[in-house]
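For reference, the structure discussed in these notes is given below.
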Amino acid sequence: MKKYDFARIEKKWQRAWEKSGFSSWRAKNSGTAKKMFILDMFPYPSGEGLHVGHLEGYTATDIYARFLRMNGWNILHPMGWDAFGLPAENYAIQNKIHPNVAMKKNIARFKKQIQSVGLSYDWSRELATSDPAYYKWTQWMFLQMFHHGLAYESNEPINWCPLCKTTLANEDLENGRCERCKSLIERKPMRQWVLRITMYADRLLNDLKQLEWSESVKEMQRNWIGKSTGYEFSFRIKNSRETLPVFTTRLDTLYGVTFVVLAPEHPLVESITTPEQKEKVRLYMREGASKTDLDRAAEKEKTGVFSGAYAIHPITKQEIPIWIADYVLMDYAFGSVMGVPAHDERDFAFAHKYHLPIREVISPDGKSHEPLSSAYTDIATGMLIHSGPFDRLSVKQAAPKIAAFMSAQQAVKYKLQDWTFARQRYWGEPFPLVFCEQCKKRVENSKFRVPLLHSGLNCWKLPARRSLGAGGKIGNLNFTLGEVMNPGWIGVPEEKLPVVLPNVTHYEPTGTGASPLASIDTWVSVKCPKCGGPAKRETDTMPQWAGSCWYYLGFILGQDKLKLSAKRAKLFWDQKVLKYWLTTGRRDSGGGGLVHRSFSGGGVGFYVGGTEHATRHLIYARFWHKFLQDIGVVPNKEPFAKLVNQGMVLGSDGEKMSKSRGNVVNPDDIIKQYGADTLRMYEMFLGPLEASKPWDTNGIVGVHRFLSRVFSFAFEHASLAPKKRIAKSNAEIKKRAHRLMHQTVKKVGDDISHMRFNTAISALMEFQNELLEYREHIAYTDMNKILNIFTLLLYPFAPHLASELWSMRNASRVEKQPWPKYNPAVLVRNTVTYVIQVSGKVRDTLTISVDAEQSEVIKQAQACSKVSKWLETKKIKRVVFVKGKIVNFVV
RNA sequence: GGGCAGGUGGCGAAACGGUAUACGCGCGAGACUCAAAAUCUCGUGGGAGCAAUCCCUUGGGGGUUCGAUUCCCCCCUUGCCCACCA
């Protein structure tokens with residue numbers, strides 16, 4: 001018996017594919033064939049190499065891509081490298097290799113690993129985010145955002161990771177810790193570039209509806225955006241000209257306000273605190289300053305301090321004490337809360353602790369229940385009491401009436417905050433910005449007044465496309481909106497892009513808040529592109545998410561477009577190609593009984609990746625895409641039409657794979673021991689794509705045995721001496737084999753279409769098992785035909801072995817063959833097996849002609865000995881008959 | 001505290017109103033072998049029985065139905081995400 005020499009076979013076919021320049025996987029940018037953009041989340045080429053988790057998603061999309069290609073689709077299935085960012089940089093520092101060098105090495109390793117698994121990527125579109133040809137366009141896009149006023153300089157307190165020595169966005173945190181290194185995050189006021197993602201909050205929220213994503217990821221994004229609708233109004237402050245704005249979703253409880261709370265960072269704290277309270281407030285603030293956000297949130301008991309000042313209730317005119325407490329967050333709404341202890345659990349706890357009055361104004365039955373033992377927060381039931389003219393109104397009715405009475409404005413707030421877009425690290429895209437003192441003075445002395453924008457305010461609209469002239473002329477110099485809004489900051493002209501990351505010897509983070517780039521004076525000092533005066537470059541770099549915001553567009557546009565000079569943006573944004581891949585023509589829908597439904601909003605047709613990107617990459621990329629649509633360079637609203645989240649592959653102990661647990665499975669080892677085809681199939685056989693499932697080191701031999709049997713059988717069959725070949729098939733067995741073959745063609749096709757790879761593989765196994773039983777009874781030529789079909793079905797899963805099997809009988813290439821069709825007529829059986837139940841319990845089965853009449857079936861069913869004995873003494877109340885399935889005698 | 005997804009043999013899982021445990025692992029027995037590995041054959045949810053056969057079984061409890069792993073309600077439990085958002 002010939003052994004399944006997977007190593008030889010896999011090498012042979014990988015060479016063959018490489019020799020042809022991977023031309024079979026190359027996507028065309030036009031044509032009338034149905035098309036699909038099948039995208040994997042591209043990896044960070046870390047020093048660890050590819051892990052089996054990556055390969056789960058990559059194998060799934062590879063199977064799908066190969067399958068659709070055989071069905072005549074034009075498939076765009078590319079791969080690239082998310083090469084900028086902290087993990088890559090930290091690896092470089094640890095191993096004392098320049099990030100650029102380390103990255104090149106890691107990319108080469110990743111690519112080799114990917115090719116050793118036989119993934120069918122269109123390598124002609126390969127890209128890396130750290131390539132100047134690529135990041136030139138990342139900079140170009142940032143520059144557009146800047147000029148349109150979407151990027152602003154901020155000095156607000158921001159998340160600082162003391163170990164990574166950089167600022168981080170909220171999205172980069174996990175429970176108040178750095179997502180990468182798990183250090184506790186500090187809040188530090190720092191100069192930062194921030195992107196105004198909040199301006200897109202509503203669109204990011206609303207357009208979720210049209211996405212074919214898992215409900216859980218959509219829900220995560222909804223919660224992250226965190227829209228709430230309520231009212232805002234201002235309290236007057238006793239003995240002061242200041243007013244105190246608050247936001248509330250419960251204006252109906254206005255009569256129950258017994259105190260007001262400010263966040264410790266609130267700007268009014270300083271001015272309203274009375275001299276008597278100054279010392280206490282100072283102490284409280286000092287204590288608070290040492291707390292991290294995590295401490296703040298973890299505190300069971302709320303703390304606060306009285307400011308000494310009083311607000312005036314807008315309706316009752318009562319004096320209400322103003323407190324300062326860190327359970328109120330400055331980042332949200334106005335950083336101030338009207339305290340209604342009777343109807344808010346947090347306010348209740350606070351009032352309870354500091355003996356503030358609790359005033360019941362919502363009651364389930366219209367009666368008073370004071371003193372309350374807990375806050376009553378049910379808004380569905382309940383009516384107003386102790387609320388003057390609004391008594392007896394429902395919660396729902398009351399709010400608008402009170403608002404009208406006191407002229408409170410309806411308002412919408414979001415949890416989403418603007419995106420901290422700068423890192424004080426080396427390995428990232430440099431900002432295409434310079435700072436010029438003279439231009440700063442020009443702007444500040446000019447008459448331009450841009451409405452002062454805070455991160456929470458959504459009062460500002462994007463200027464009409466291409467009208468960067470929302471800025472204007474100062475003297476004889478033109479300033480853009482972004483340049484007017486950020487005095488002194490000047491955009492690098494497009495023709496000067498890319499601003500190349502200088503090659504330095506010291507790239508370790510400084511920890512001073514300045515990036516390593518700041519020390520390279522020759523790089524930092526430049527001429528102002530606006531006025532020619534002395535200027536300095538921005539030395540922070542962009543976060544790792546920048547490059548991944550548009551890489552799918554990079555794949556669509558291709559390497560030639562990336563190489564264009566940035567001043568040729570018009571040519572770069574090739575509308576024909578973008579429309580081809582991002583919008584759907586009529587031809588894409590339906591087809592062949594497959595469910596590759598295209599999505600009306602356009603975007604990447606099929607995107608596979610882990611759920612960990614739900615509130616990071618997937619929200620950032622949507623934001624960029626919408627901006628790019630607004631400036632007229634992409635043709636549709638959303639980047640990713642359909643998203644599937646592959647589950648995590650856990651270690652064999654059921655825990656997350658990690659070095660420290662020692663449960664990491666290295667794909668290289670598996671390939672060496674069992675081969676790539678076994679690895680691919682086993683990853684798919686583990687369970688449903690979207691479920692997390694443990695890797696069972698023992699289980700892999702099952703798939704390997706299957707492939708070995710497939711090979712041995714096919715090989716033995718192909719090398720049969722002519723004398724030993726069976727001349728004539730047994731008619732009955734041939735018929736059975738054919739029916740099974742057609743069944744399997746249908747099943748495997750349907751399963752691939754629905755991402756049910758595990759059951760597709762089961763079906764292939766069953767097919768193979770039966771064929772082995774039939775082998776003595778099927779003629780050589782008939783078996784050849786059946787084996788050809790089997791090979792085609794196997795091909796998407798195990799392309800190397802399938803290529804080898806195909807070449808045993810055919811001169812052509814398997815990947816050029818059309819996907820086999822099944823004949824529904826063959827699937828029709830002329831007998832069917834009925835399940836015979838008595839009162840719902842299975843007692844027997846009955847095989848009978850499909851055409852048998854209901855009465856005939858029931859008659860025969862009743863006659864079965866196993867059934868009749870259950871019916872003997874009973875009276876049949878009812879007979880349930882389901883054609884072709886079941887007869888149930890109810891007694 | 002809120003949201004989402006799960007709980008089926010010894011294990012990964014299948015079926016998703018109609019014969020629960022397909023497929024695979026593991027295990028047991030046998031064949032081949034001096035022997036072992038590999039391979040092949042048969043068996044394998046639990047219980048009672050010599051057997052035919054019968055009873056029980058999809059986290060627990062109710063409900064709808066002739067029939068529920070599947071649909072509805074309550075509870076328990078595991079995982080993931082978000083969490084003082086006014």
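Just so we're on the same page: letters track the sequence lines, and every chain starts at 1.
The side chain of A/Thr833 approaches B/U19 more closely than any other nucleotide in the set B/U19, B/G3, B/G26. For A/Phe685, the listed nucleotide lying nearest its side chain is B/G24; candidates were B/G24, B/U39, B/C82. Of the candidate nucleotides B/U19, B/G3, B/C66, B/C66 has the atom lying nearest to any side-chain atom of A/Asn888. Among the nucleotides B/A86, B/C40, B/C82, the one closest to the side chain of A/Arg709 is B/C40. Of the candidates B/G12, B/A22, B/C82, the closest approach to any side-chain atom of A/Glu766 belongs to B/A22. Closest to the A/Arg878 side chain, of the nucleotides B/A83, B/C66, B/C81, is B/C66. Distance from the side chain of A/Val337 is smallest for B/A86 among the nucleotides B/U39, B/A86, B/U19. When distances run from any side-chain atom of A/Arg843 to the nucleotides B/A86, B/G24, B/C54, the shortest one goes to B/C54. Of the candidates B/C55, B/A22, B/C82, the closest approach to any side-chain atom of A/Ser762 belongs to B/A22. When distances run from any side-chain atom of A/Pro694 to the nucleotides B/A13, B/A20, B/G3, the shortest one goes to B/A13.
Salt-bridge formation is not detected for the pair A/Glu770/A/Arg736: no Lys NZ or Arg NE/NH1/NH2 atom is positioned less than 4.0 Å from an Asp or Glu carboxylate oxygen. A salt bridge does not link A/Glu265 with A/Arg187: every distance from a Lys NZ or Arg NE/NH1/NH2 to an Asp or Glu carboxylate oxygen is 4.0 Å or more. A salt bridge does not link A/Glu345 to A/Lys302: none of the charged nitrogens lies less than 4.0 Å from a carboxylate oxygen.
Note: OH (A/Tyr4) to C1' (B/U39) measures 17 Å, nearest angstrom. If you measure from atom CZ of A/Arg775 to atom C1' of B/C40, you get 11 Å, rounded to the nearest angstrom. Distance CD (A/Glu215) to P (B/C4): 9 Å, rounded to an integer number of Å. B/G2 atom P lies 14 Å from atom CG of A/Asp378, rounded to whole Å. Per the geometry, CD belonging to A/Gln743 stands 13 Å off C1' belonging to B/A22, to the nearest Å. Whole-Å rounding puts the A/Ile185 CD1 to B/A83 P distance at 13 Å. What separates NZ of A/Lys693 from C1' of B/G24 is a distance of 15 Å, to the nearest Å. Note: NZ (A/Lys302) to P (B/A83) measures 16 Å, nearest angstrom.
Phosphate proximity of B/C56 to A/Lys841: present, with a side-chain N or O under 4.0 Å from OP1 or OP2. At B/U39, one or more side-chain N or O atoms of A/Arg705 fall inside 4.0 Å of OP1 or OP2 (strictly under the cut-off). Dashed line: the shortest gap from a side-chain N or O of A/Ser228 to OP1 or OP2 of B/A86 is under 4.0 Å.
For the C1' atoms, the distance from B/U21 to B/C11 is 13 Å, rounded to whole Å. Comparing B/G24 with B/U78, their C1' atoms sit 25 Å apart, to the nearest whole Å. Using atom P as the reference point in both B/G10 and B/G45, the two lie 10 Å apart (nearest Å). With P as the reference atom, B/G46 and B/A51 are 15 Å apart, rounded to whole Å. Taking atom P on both B/A14 and B/U8, the two are 12 Å apart, rounded to the nearest angstrom. On the P atoms, B/A68 is 16 Å away from B/C72, given to the nearest whole Å. With C1' as the reference atom, B/G2 and B/G12 are 33 Å apart, rounded to whole Å. Between B/G28 and B/C34, the distance separating the two C1' atoms is 25 Å to the nearest Å.
With sequence neighbours excluded, no residue forms a ring pair (Phe, Tyr, Trp, His ring centres under 6.0 Å) with A/Tyr332. Remark: A/Trp323 pairs with A/Phe306, A/Phe350, A/Tyr354 by the ring pair (Phe, Tyr, Trp, His ring centres under 6.0 Å) rule, at least two apart or across chains.
Open room surrounds NZ on A/Lys656; 12 or fewer heavy atoms of other groups in view lie less than 6.0 Å from it. Heavy atoms from other residues, nucleotides or ligands lying under 6.0 Å from NZ of A/Lys883 number more than 12. More than 12 non-hydrogen atoms from other residues, nucleotides or ligands lie less than 6.0 angstrom from NZ of A/Lys353.
No contact: A/Trp695 has no heavy atom under 4.0 Å from any strand. Base engagement by A/Ile886 is indicated by at least one non-hydrogen atom pair under 4.0 Å involving a base atom. Backbone-only engagement by A/Asn758 is indicated by non-hydrogen atom pairs under 4.0 Å involving sugar-phosphate atoms exclusively. In this structure, A/Arg222 reaches neither bases nor backbone, as no heavy-atom distance under 4.0 Å exists between it and the strands shown. At a threshold of 4.0 angstrom between heavy atoms, the contacts of A/Asn769 are confined to the sugar-phosphate backbone, with no base atom among them. Counting any heavy atom pair closer than 4.0 Å across all strands shown, A/Val890 reaches sugar-phosphate atoms only and no base atom. When heavy atoms are screened at a 4.0 angstrom cut-off, A/Val842 is found touching the sugar-phosphate backbone but no base atom. If you check every strand for non-hydrogen atoms under 4.0 Å, A/Lys877 touches nothing.
Distance check: A/Leu251 CG to A/Glu232 CD gives 11.5 Å after rounding to the nearest 0.5 Å.
Of the residues near RNA chain B, A/Lys415 and A/Ala691, the one whose nearest nucleotide (by heavy atom distance) lies more toward the 5' end is A/Ala691. Mapping A/Gly226 and A/Leu173 onto RNA chain B by nearest heavy atom places A/Leu173 closer to the 5' end of the strand.
Shown here for A/Lys693 and A/Pro688, the closest heavy-atom pair between the two residues is NZ-O, 2.8 Å. Taking each heavy atom of A/Gln646 and A/Gly53 in turn, the nearest pair found is NE2-O, 3.4 Å.
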Watson-Crick or G-U pairs under 3.5 Å in RNA chain B, rendered as dot-bracket with [ ] for crossing pairs and | for another strand: (((((((..(((.....[....)))((((((.......))))))((((....))))..(((((..]....))))))))))))....

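Taking only distance into account, the side chain of A/Asn698 never meets the base of B/C25 through a donor-acceptor pair shorter than 3.5 Å. Contact annotation: side chain of A/Gln837 to base of B/G18, donor-acceptor pair present below 3.5 Å.
Taking 90° from 0 as the syn/anti boundary, the base of B/G9 is oriented syn.
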